[in-house]
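Below: one structure, written as structure tokens.
In each ligand, atom 1 is the first atom listed, and ligand 1 is the first ligand listed. Please read these numbers as outputs of a predicted model, since none were measured by experiment.
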Amino acid sequence: MKRPLLKYCGNKSKEDYRLSSQSKADFIGFIFTESKRRTEPSEVKEWIDEFGKNGKKHVGVFVNPALEEVEEACRILNLDAVQFHGEESLPLLEEFKQRNSQEIWKAIRHDESALTKMAQYGPCTDVFLIDSHVKGSWGGTGVAFDWSLAGRYLEQAEQMGKPCFIAGGVAPDNVQDLLRTEPAGIDLASGIERNGSKDAELLKNFEKRVFDYVSGH
Ligand SMILES: O=C(O)c1ccccc1NCC(=O)[C@H](O)[C@H](O)COP(=O)(O)O
């Protein structure tokens, strides 16, 4: 089995960033929207200047943003990708694509309309991310959806020639269940946090479970 790409999201302090940048993650995410994990591009820039990128790609997460706000963060941080995690319009994504070079990640919430939304957003999306749908919250909930249904998203994304990350409530003690679906990518925030901060032991444990599973399949 090919190792899924890993994205550790919601890095909101220098220590979070240090841990994630020294981890085995492929992508590191920052929340630039209302959230307990919100941070500011200027703050993230200081961490990057101190610890470097260490080969990781950086993803800025926004919910229904103004394009100017996204472009300002891209400029300050030289982001590799922008994750649109709300209900952004297609024209907004198309305009962003026309004006910028960053990858567009589109987060879609798991519900009965998710497959249709994947088809609609397909032309301007580089990477899909399917997250749990929790009322009153856009993301970072720590709640998993029924992963026996993840295959339908992974198949549709594959047919569209795009990677698909599965997110929502992934943690060291359940990641094996998700790995059985062979996702192209796994995204998590809460599952590697203790008391609201990224935790070295949870990260190590998570990576061990992932790498052990992959080497055995
Ligand atoms: O993490 C947040 O606080 C957040 C807030 C608002 C929009 C998106 C947010 N997170 C985006 C992510 O990519 C998270 O990693 C994803 O939702 C999974 O989170 P979790 O269930 O905590 O692993």
Run the numbers on Trp105 and Phe27 for ring pair (Phe, Tyr, Trp, His ring centres under 6.0 Å), then give the verdict. CA-CA 12 Å; Trp105 291 35; Phe27 298 90; 5.0 Å; yes

Any atom of ligand 1 sitting under 4.0 Å from a heavy atom of Arg38? no

Assess the pair Tyr121 and Phe128: is the distance between their ring centroids shorter than 6.0 Å? no

Does ligand 1 come near enough to Gly140 that some N or O of the ligand is less than 3.5 Å from an N or O of the residue? yes

Assert yes or no for the condition that the ring centre distance of Phe32 to His85 is strictly below 6.0 Å. no

Could a heavy atom of Lys7 be found less than 4.0 Å from some atom of ligand 1? yes

Quick check: does any side chain N or O of Glu103 sit under 3.5 Å from a backbone N or O of Asp80, one acting as donor and the other as acceptor? no

Give a yes/no verdict on whether any heavy atom in Gly142 is under 4.0 Å from an atom of ligand 1. yes

Under 4.0 Å, counting heavy atoms only: does Gly169 come that close to any atom of ligand 1? yes

Please could you name the atoms of ligand 1 that Leu188 approaches to less than 4.0 Å, counting only its heavy atoms? 15 (O), 23 (O)

Gln83, any N or O under 3.5 Å of ligand 1 N or O: yes

How are the rings of His110 and Phe145 set relative to one another: parallel (under 30°), tilted (30 to 60°) or perpendicular (over 60°)? parallel

At a 4.0 Å threshold, what atoms of ligand 1 neighbour a non-hydrogen atom of Ser190? 20 (P), 22 (O), 23 (O)

Return the closest protein heavy atom for atom 23 (O) of ligand 1 as residue, atom name and distance. Ala189 N, 2.9 Å

Salt-bridge contact Glu46-Lys14 (side-chain N to carboxylate O under 4.0 Å): no

Got more than 12 heavy atoms from elsewhere within 6.0 Å of NZ, Lys57? no

Selected option - heavy-atom contact closest to atom 17 (O) of ligand 1, from Asp131, Asp187, Ile31: Asp131

Can you find an N/O atom of Thr33 closer than 3.5 Å to an N/O atom of ligand 1? no

Taking 4.0 angstrom as the limit, do Arg209 and Asp173 come out as a salt bridge? no

Judging by distance only, is a nitrogen or oxygen of Leu129 under 3.5 angstrom from one on ligand 1? no

Under 4.0 Å from any heavy atom of Ser35, which atoms of ligand 1 are there? 2 (C), 3 (O), 5 (C)

When you measure from atom 2 (C) of ligand 1 to every protein heavy atom, which one gives the shortest distance, and what is it? Arg37 NH1, 3.4 Å

heavy-atom search around atom 11 (C) of ligand 1 in the protein gives His85 CE1, 3.6 Å

So, Arg109 and Glu87, do they make that salt bridge, N to O below 4.0 Å? yes

Atom CD of Glu207 and atom CG of Leu6: how far apart are they, to the nearest 0.5 Å? 7.0 Å

